[in-house]
Protein chains: 2
Amino acid sequence: MSRTIERKDDRRSRRSRKMLADAFVELVGERGLDGFSITDLTELANVNRGTFYGHFSDKEDLLEYCESEFLNGISELEERIAQVPVTELGTEETDSFVHSVFVEIFTFVEEHEALLTALLGPKGDISFEHRIIDTVCTTLIDKILNEQYRINRTPLVDYYVGYYSSAILGVVLMWLNNENRETPEEMATILLGIASLSLGDPIVLS
Amino acid sequence: MSRTIERKDDRRSRRSRKMLADAFVELVGERGLDGFSITDLTELANVNRGTFYGHFSDKEDLLEYCESEFLNGISELEERIAQVPVTELGTEETDSFVHSVFVEIFTFVEEHEALLTALLGPKGDISFEHRIIDTVCTTLIDKILNEQYRINRTPLVDYYVGYYSSAILGVVLMWLNNENRETPEEMATILLGIASLSLGDPIVLS
DNA sequence: CGTGTTAACCAACACTTTGTTGAACAATTA
DNA sequence: TAATTGTTCAACAAAGTGTTGGTTAACACG
């Protein structure tokens, strides 16, 4: 089970895969991962049940297909994140750069709104969240933190990256579930404001 | 479906419920929420399959039973959190108090290790995580933030609490998945150190 | 445009899981 | 002890799963 199935490159095949993936995201968002059957899925997708098994070995395989599509797209984003000079944060110039990276993040997220709302929402897949966190953490440690922290790894450093990764993802999730959603630019400003605060500083809107 | 079943108060009933709940946590941790059948569960629990349906309407009902047990326990913790004087953070006295609250949090988490590792791990239940975040956010807004922020609610305030709630939970999750786990006291020190940092400050071990 | 290829469709299959039932049994409580 | 009641066991229909073989129709390409 869960054997790898080669993805056919045929107009019919692509169409079927898209119908199935779209219906999958819709059903996960509405009913949760195990709130529907393959039969439900193929009916909504207007695709024969047998066709599903021609493309995916089971529901998990389709889930993996949807998730990896997004995770692969992150890699480009990572290169931008990696350019953030963590040791020089706080200066006006660096803040401006971080702001632009935040804009890119929220824009990227907005482009994958349907998938993320479904898979990271209350009926979604927690392993997807873990994979995203892990990816971001690894990027931070490997690319951003300077040599000293990489060699002299203390528990504090590991928890440090986990802390900020979770915090940022948390804000992203709140944003996605917001009705009157702020623009990526507004969110970048808000996030930069929060991240620049120490816990005790007063909250002001910039 | 999912009808409420009254919980019998009988030594046999209590025993069956405990066997089922323990087996449930074990199976969720190993195989994930939909990685096992009711049959698997009752076999591991050494309980007849019919007995399961005498206590719970379905798998979700048992999940809710396990989760609510933990969520109810949080309420006591909340009262301690509510005493944190957010507007006076940074002083030595306040930091000391926050530290003690952090110790309580990590101690409480450690007491529910099995449940949390299973339900918040990569095969767990994302809605449980959402419920915890929501609970913490509500507590922060309602009890900690002072009158000014409660009345003059800006998007920044909402995202602010979401940011810190997710950040702390993220650290807790990293800690739970750690092999050589730090003590609650050590973790309180680490978390306080991270939370007191602005993004640009250098990372040092206190 | 025609033709071989191949994916989609459809019906049928054995199999597993589900949720329910009724009767016999055994543990609990008072 | 006696009545209560949860557990067990066997059986059941219903639904979902993953697979198969044969037919139809869309596709890519020379």
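Throughout, protein chains are lettered first and strands after them, A, B, ... in sequence-line order, and every chain is numbered starting at 1. For clarity, every value in this text was computed on a predicted model and none was experimentally measured.
Within residues 27-42 of chain A, the residues approached by DNA chain D to less than 4.0 Å at the level of any non-hydrogen atom are A:S37, A:I38, A:T39, in residue-number order.
In this structure A:E111 satisfies the salt bridge (charged side-chain N to carboxylate O under 4.0 Å, His left out) test with no other residue, sequence neighbours excluded. Annotation: salt bridge (charged side-chain N to carboxylate O under 4.0 Å, His left out) contacts of B:E104 (sequence neighbours excluded): B:R80. Not counting sequence neighbours, the partners of B:F70 by the ring pair (Phe, Tyr, Trp, His ring centres under 6.0 Å) test are B:F108, B:H112, B:F128.
Here the side chains of A:R131 and A:L71 are in contact, with some heavy-atom distance below 4.5 Å.
Protein atom CZ of A:F56 is 18 Å distant from nucleotide atom C1' of D:dT19, rounded to whole Å. For A:F52 and D:dG18, the CZ to C1' distance is 10 Å, given to the nearest whole Å. For the pair B:D58 CG and D:dA15 C1', the computed distance is 15 Å after rounding to whole Å.
Residue pairs satisfying the ring pair (Phe, Tyr, Trp, His ring centres under 6.0 Å) criterion with at least one member in residues 169-188 of chain B, sequence neighbours excluded, are listed as follows: B:F106-B:W175.
Atom CD of A:Q83 has more than 12 neighbouring heavy atoms from other residues, nucleotides or ligands inside a 6.0 Å radius.
Between B:R11 and B:K59, it is B:K59 whose nearest contact on DNA chain C lies nearer the 5' terminus.
Pairing each heavy atom of B:T42 with each of B:L20, the nearest pair is CG2-CD2, 4.3 Å. Residues B:I126 and A:G121 come closest through the heavy atom pair CG2-O, 3.3 Å.
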When you compare the protein's N or O atoms with those of nucleotides 5-13 of chain C, which come within less than 3.5 Å of each other, and at what distance?
unit_1 : atom_1 : unit_2 : atom_2 : d
C:dT6  : O2     : A:R12  : NH1    : 3.3
C:dA8  : OP1    : A:R12  : O      : 3.4
C:dA8  : OP1    : A:S16  : OG     : 2.4
C:dA8  : OP1    : A:H55  : NE2    : 3.0
C:dA8  : OP2    : A:H55  : NE2    : 3.3
C:dC9  : OP2    : A:N48  : N      : 2.7
C:dC9  : OP2    : A:T51  : OG1    : 3.1

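The phosphate of D:dT19 (OP1 or OP2) has no side-chain N or O of A:Y53 nearer than 4.0 angstrom.
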